[in-house]
Every structure is written in C-alpha cells, then in structure tokens.
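Here's the structure, in structure tokens; my notes come after.
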Number of protein chains: 2
Amino acid sequence: MNEQNYPEFTGLELSPRKADYLKLILEKKGTVKTTEISSCLQVDPSTTTKTLSELATAGYLNHVPYRGVDLTEMGKAYAEFLVRRHRILSLLFTHYGLSTEEACAEVSRFETFVSRDAVNKICNSMGHPMIGVCGEISHEKCFHEGHYH
Amino acid sequence: MNEQNYPEFTGLELSPRKADYLKLILEKKGTVKTTEISSCLQVDPSTTTKTLSELATAGYLNHVPYRGVDLTEMGKAYAEFLVRRHRILSLLFTHYGLSTEEACAEVSRFETFVSRDAVNKICNSMGHPMIGVCGEISHEKCFHEGHYH
DNA sequence: GAGTTTTTTTGGCATTACCCCAAATTAGTC
DNA sequence: GACTAATTTGGGGTAATGCCAAAAAAACTC
C-alpha cells in the first residue's frame, strides 16, 4: 500500500515537471480537474491535458477524458515517495543554515534527481524523523506538519 | 582571483552538461583540445565544438578555433565554484550513510541545481572543511584529496 | 431541452538542452 | 607542397516543456 510494494522504482523515473503534477494530484485528493491543475501549476490547460495523458499512459493516473484524473495505486505510492523525498531533503538542508523557505525552494529545484536509495539512506541515518519542515512542495507555502518515514 | 570577485553569480547559470565541460577544462589545466574533451565526456567532437563556442560566447572560455580553449578568469572562478560545490555536497551526503562513490554519483546528478548561496551556507555550517571525499567530478574516479573552502 | 458558455482536448508549432553524421576546413608533418 | 589528423560547419534528431487556435464535450440557463 506504500512504496514497499513497488521496489522496482529508483525515484528517477519522472521528469521534474511530471513529479510536480503527481505531487499536486496527491495533495488535492480524489478526482482532480484539468483547470485546477493548470491554475496551480500556472500552465495552459492544453499543456496539462498532454502531461496528464502521458502520466496516465505510464500508469500513474487514471484519466477519464473531460472528467479529470485520480492516482492509481502505483501513482499514489509514487507520489507519497515524492513528498517524503522533498520533506527529508528539506529537513536535511535546514540543519545546515538554510531557513525552512530556503531549504524548500532549494530542494524543489533538484529533488527529482535524488534517488530513492539515497533518500532511504538519509532517512535511516536521521532516525526516520516524523516532523518535516515543509508540507507543500514545488510551489510556495511551507509549513510545519508531521509526516511518516 | 576566486569567486569572491564575481558576486553576481548564483551558481545556477550553467546547464548540467556545460558545467561538466567547465570542470573538465579546469581539471586539465592550460589549453585543452577538442578531442580530449570529447573523449573524456564521450561525445562527438562536433558536439564539443558547439558547446565550447557557447561557453566562450558566455565569457567562460577563450576559444581559438582549431587550437583549443582555456578558461577566462571568470571561467576559472566559476569552475572552482563548481568543484567546491561538488565536494561540499558529496561530503555532506557521506555523513548520511552514503559511501564516497554513492555520494559522488548522487551529487553529480543534481549539483547543477544547488545555488551558490546554499553551498556557502552549508560550507559555513560545516566549518569550511578542508578535506573533501571526491576529487573528480561527473565522471568516475573518486579519491581523497584536500581542498579549499 | 435547446442554446449558450465553460472546460477540455487536439493539432500545430516553438524553445532549450542535448546529441550525431557527413562534408568542408585547417593544422601539423614529411 | 601534399597528406593526415583534428576541428568546425551545416543539417538533422529527440525529449521536455510550453503556448495558441480550433474543435469537441460537458454544464448551465431559461
């Protein structure tokens, strides 16, 4: 029910932008409409449509044309990993003199290129912290929130 | 004579591949030939030529056609930053359960997206370590070597 | 429930970062 | 001065990302 069921993935399979879409859809919960995604990510609806169908083809989403998308089981597990990765890395950076906002912004730029393996090792090494520094990803608002390891 | 003279740069101005070229040229010292770069980076010489002229246009290199390239003062300062960034980040990751090689490889994938500001903060926070874990970047060999902060 | 409005999708096109190949050009050597 | 090896030019190609205009579907309105 979580990423343990998909031990195949490396964490590097999605492009930065596709990861943004997945994280946003997880955050919104349930079925999400094209327009909503477009306005959050600030892109043309046609861009959103195209990206969503690629994510659906790759098995992360169920896409009912004209209706919206929701995460597949795999998509949910993957999106949860993406969120965990963001939070672990952000937390890490706040231990080195970056503010929550700085860490969040910094990590958002590179997180897509950090492997699941590395994240797991860092997570272990930090003792599976339950408290992250950043609840929202790749957009703007950052707040304190509990999380899982 | 080091990056202190170019306080304008953010560390995000070069694409990943361009950063590879710059780091390689710094490492090779002096004038470097197209063929040498091509074989190190495993790309067609024509690709190298094109990239070099872009880096020259941007002010990082002096390019004498058919002769080779060498770093401008700015290019040298920038390349030194690139190396320092790689080493600081690699060192950081080895503190979280990654081996030298793993850290090196991991960092190579995302370092281009970490700002100079963040690197400086991390560097401060770590007390300006003189010993890095990785001397070579974005290629393969990693070895222990002292370095500057 | 038919017409209008809004949302979504399609198709076409553009940019940036990479990359290769073949042909032309230049440098270095005998 | 001619040959060979290195380099550059010109022409293309892909993947990721994005926009616009037009078509299609769904929603709303009266």
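Lettering follows sequence order; numbering is per chain, from 1.
- What separates CG of A/Leu52 from P of C/dT9 is a distance of 7 Å, to the nearest Å.
- If you check the side chains of B/Thr34 and B/Thr48, you find no donor sitting under 3.5 Å from an acceptor.
- With hydrogens and angles left out, the side chain of B/Thr51 and the base of C/dC18 share no donor-acceptor pair within 3.5 Å.
- In this structure, the NE2 atom of A/His63 is 13 Å from the C1' atom of C/dT10, given to the nearest Å.
- Residue-level contact check: A/Lys33 touches the backbone only, with heavy atoms under 4.0 Å from sugar-phosphate atoms and none from bases.
- The phosphate of D/dT8 has OP1 or OP2 within less than 4.0 Å of a side-chain N or O from B/Thr34.
- With hydrogens and angles ignored, no donor-acceptor pair closer than 3.5 Å exists between the side chain of B/Lys50 and the base of D/dG12.
- Aromatic pair B/Tyr60/B/Tyr21: ring centres not closer than 6.0 Å.
- One atom, CG of A/Leu55, and another, P of D/dA16, lie 11 Å apart when rounded to the nearest Å.
- Taking the six-membered ring for Trp, B/Phe110 and A/Phe113 have ring centres at least 6.0 Å apart.
- In this structure, the side chains of B/Lys18 and B/Leu55 come closer than 4.5 Å at one or more pairs of heavy atoms.
- Contact between the side-chain N/O atoms of B/Arg17 and the OP1/OP2 oxygens of C/dC19 is found at a separation under 4.0 Å.
- With rounding to whole Å, A/Asp44 atom CG is found 17 Å from C/dC13 atom P.
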task = For the pair A/Asn62 and A/Arg67, evaluate side-chain hydrogen bond (donor to acceptor under 3.5 Å, both in side chains) and give the outcome as yes or no after the intermediate values.
result = CA-CA 11 Å; A/Asn62 298 123; A/Arg67 282 316 183 68; over 6 Å; no
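- Under 4.0 angstrom from either OP1 or OP2 of C/dC18 there lies at least one side-chain N or O belonging to B/Ser15.
- Put simply, CG on B/Asp20 is 8 Å from P on C/dC18, counting in whole angstrom units.
- For A/Arg67, a side-chain nitrogen or oxygen approaches OP1 or OP2 of D/dA27 to under 4.0 Å.
- Nucleotide C/dG28 holds its P atom 12 Å from the OH atom of B/Tyr66, rounded to whole Å.
- The residue A/Pro45 sits close to a base: some heavy atom pair falls under 4.0 Å.
- Distances shown here put every side-chain N or O of B/Ser46 at or beyond 4.0 Å from the OP1 or OP2 atom of C/dC20.
- A/Thr49 has a side-chain polar atom (N or O) that falls below the 4.0 Å cut-off from OP1 or OP2 of C/dT9.
- Atom pair A/Lys18:NZ and D/dG18:C1' shows a separation of 13 Å (rounding to whole Å applied).
- Protein atom CD of A/Glu36 is 19 Å distant from nucleotide atom P of C/dT6, rounded to whole Å.
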